[in-house]
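Reading through the structure tokens given below for one structure.
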2 protein chains.
Amino acid sequence: MTEDELPPRRARKLATRQALLDGALRLLEQQSLTSLGLREVTREAGIAPAAFYRHFGDLGELGVALVEESFGSLRALIRDIRTPEADTEDVIRRSVDLVAAHVRAHRAHFCFLARERYGGVASVRAAIAGELDSFVRELADDLAAQPESEGWSAPELSVLARLYVNVLMLTAASMIEAGPDDPAAEQSILTEALMQLRMITVGRRYWTENR
Amino acid sequence: MTEDELPPRRARKLATRQALLDGALRLLEQQSLTSLGLREVTREAGIAPAAFYRHFGDLGELGVALVEESFGSLRALIRDIRTPEADTEDVIRRSVDLVAAHVRAHRAHFCFLARERYGGVASVRAAIAGELDSFVRELADDLAAQPESEGWSAPELSVLARLYVNVLMLTAASMIEAGPDDPAAEQSILTEALMQLRMITVGRRYWTENR
DNA sequence: GAGAAGAGCAAACAGTCGTTCACCGAGTGA
DNA sequence: TCACTCGGTGAACGACTGTTTGCTCTTCTC
């Protein structure tokens with residue numbers, strides 16, 4: 001096994017930086033980024049207020065860092081969803097299951113993304129939009145590689161991909177809003193998402209002959 | 001023509017209440033409800049901080065009132081969209097146009113709704129969700145009355161209606177994010193929304209034979 | 001026209017806020 | 001080993017916060 005691989009100096013700095021991110025994320029489950037206080041965050045992280053400036057110049061910077069962290073864990077989910085060959089129904093079903101599992105495992109991250117996607121900090125909104133765009137592009141590429149996409153133009157595939165992504169993001173947001181302790185509500189949200197994805201996919205199948 | 005119809009006492013009270021709502025809405029274009037300050041709002045409305053309590057016990061109460069006001073203007077839009085008989089393509093096109101016009105006319109209201117739909121104040125989130133639910137129910141009823149809905153169950157119609165509503169709400173949110181002075185971006189958002197609605201509608205047409 | 005009601009005000013309350021500053025002490029690199 | 005870098009500290013700053021209190025002055029009610 002390898003050693004820590006990091007000089008203790010940098011390691012400690014990264015650790016308290018992470019403490020700041022974790023503390024902020026915890027607080028952001030109940031409020032929005034614009035209402036977050038610098039002292040509040042440092043209190044939650046267990047450091048002095050002034051130490052904040054050693055890591056971020058601004059609470060907005062911390063917000064952007066949180067976006068990167070959130071999408072970092074999302075990328076694993078995306079990689080799991082992207083399986084080139086499989087029955088369409090299976091892909092849909094597995095996508096919904098994976099999103100559900102991921103929301104359960106990273107509730108705070110999704111809560112943050114849902115809240116700040118149209119929140120009050122422009123730089124954070126832009127960061128989220130950019131990450132979602134690259135997600136949409138990846139999905140559009142995957143869709144393009146499938147035989148069902150014969151006769152589809154690139155813009156059409158992009159629009160379809162965004163529709164899929166939006167449904168999944170709204171599903172995640174609904175799960176967050178339902179709370180973690182309501183399996184019945186969660187189940188109905190997931191079956192609804194399943195049906196919406198199926199409807200869209202039926203539309204996709206007959207699109208070229210009805211466009 | 002009729003007189004003011006209102007005792008001057010109540011009229012004045014309603015006027016300053018409206019000034020509070022207007023001022024808050026103006027501030028909420030750049031921040032979120034949880035970060036809104038009571039003094040900030042009263043300053044914007046031109047009254048003393050203490051006078052706030054004559055109208056609302058709480059900033060959350062003001063938020064709920066803003067939800068009602070926002071959906072009040074939305075209801076006019078919904079009534080316009082609901083036209084029993086028309087070609088499906090026409091309905092889609094007209095819906096997108098109406099949403100676009102309504103966003104342009106009531107930008108601040110949509111900005112508020114997009115931001116607080118998953119924002120930090122639970123009572124406001126609940127109020128928005130409730131209004132959206134009743135919107136979904138109305139649309140589902142309209143859809144049920146159409147001949148294309150033969151063979152559809154009530155839950156299926158509800159799911160479809162929610163999908164339509166979500167697309168329209170996300171379209172509005174995208175328009176807000178693009179800003180009022182970018183006609184090119186606005187046009188591409190609207191054509192994307194149009195295509196998404198068409199794809200869903202194709203799915204609807206072939207749903208019963210592919211479900 | 002007298003008295004009650006109530007919308008709005010200024011002032012004061014104890015807190016909290018973001019930011020700056022000099023300073024400490026442990027890790028770093030020669 | 002010695003100078004140095006630098007993450008973290010505690011104190012202090014003025015500004016701003018939500019809420020309460022007692023008070024005006026207009027409007028309503030009888």
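Numbers restart at 1 for each chain; the letters A, B, ... are given by sequence-line order, proteins then strands. FYI, side chains are in, hydrogens and waters are out, and symmetry mates aren't considered; it's all heavy atoms of this structure.
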Short question: side chain of [X], backbone of [Y] - any donor-acceptor pair under 3.5 Å?
X	Y	answer
H109(B)	G72(B)	no
S95(A)	V91(A)	yes
R117(B)	A129(B)	no

Hey, what are the protein-to-nucleotides 26-30 of chain D N/O distances that come in under 3.5 Å?
{"residue": "dC28(D)", "atom": "OP1", "partner": "P8(B)", "partner atom": "N", "Å": "3.2"}
{"residue": "dC28(D)", "atom": "OP1", "partner": "R9(B)", "partner atom": "N", "Å": "3.0"}

- Task: Just call it for R17(B): base, sugar-phosphate, or nothing, with non-hydrogen atoms closer than 4.0 Å on any strand.
- Result: nothing

- Message: Under 4.0 Å, counting only non-hydrogen atoms across every strand here, what does Y53(B) touch: a base, just sugar-phosphate, or nothing?
- Response: base

Nearest-angstrom distance from the residue atom [atom1] of [X] to [atom2] of [N]:
X	N	atom1	atom2	value
H55(A)	dC6(D)	NE2	P	13 Å
I47(B)	dG18(D)	CD1	P	13 Å
E40(A)	dT17(D)	CD	P	16 Å
R54(A)	dG10(D)	CZ	C1'	13 Å
R39(A)	dA15(D)	CZ	C1'	13 Å

- Query: Is any side-chain N or O of R43(B) closer than 4.0 Å to OP1 or OP2 of dT17(D)?
  - Reply: yes

- Considering only NZ, NE, NH1 and NH2 on the basic side and carboxylate oxygens on the acidic side, decide whether E131(A) and R75(A) come within less than 4.0 Å. yes

- Cationic N near anionic O, under 4.0 Å, R198(B) to E89(B): yes

- Query: Quick one: on DNA chain C, does L59(A) or T16(B) contact a more 5' nucleotide (nearest heavy atom)?
  - Reply: T16(B)

- Task: Take E69(B) and F112(B) through the test side chain to side chain contact (heavy atoms under 4.5 Å, CB included) and record every step on the way to the result.
- Result: CA-CA 11 Å; E69(B) 188 183 74; F112(B) 168 70; over 6 Å; no

- Please step through side chain to side chain contact (heavy atoms under 4.5 Å, CB included) for the pair F52(A) and R39(A), ending with a clear verdict. CA-CA 9 Å; F52(A) 177 88; R39(A) 299 182 97 106; over 6 Å; no

- Item | First-last contacting nucleotides on DNA chain C - partner chain A, under 4.0 angstrom, heavy atom | dC17(C) to dT28(C)

- Item | side chain to side chain donor-acceptor pair (under 3.5 Å) between E156(A) and S153(A), worked out | CA-CA 5 Å; E156(A) 283 173 325; S153(A) 71; 3.2 Å; yes

- Minimum heavy-atom distance V124(B)-V64(B), with the two atoms named: CG2-N, 3.9 Å

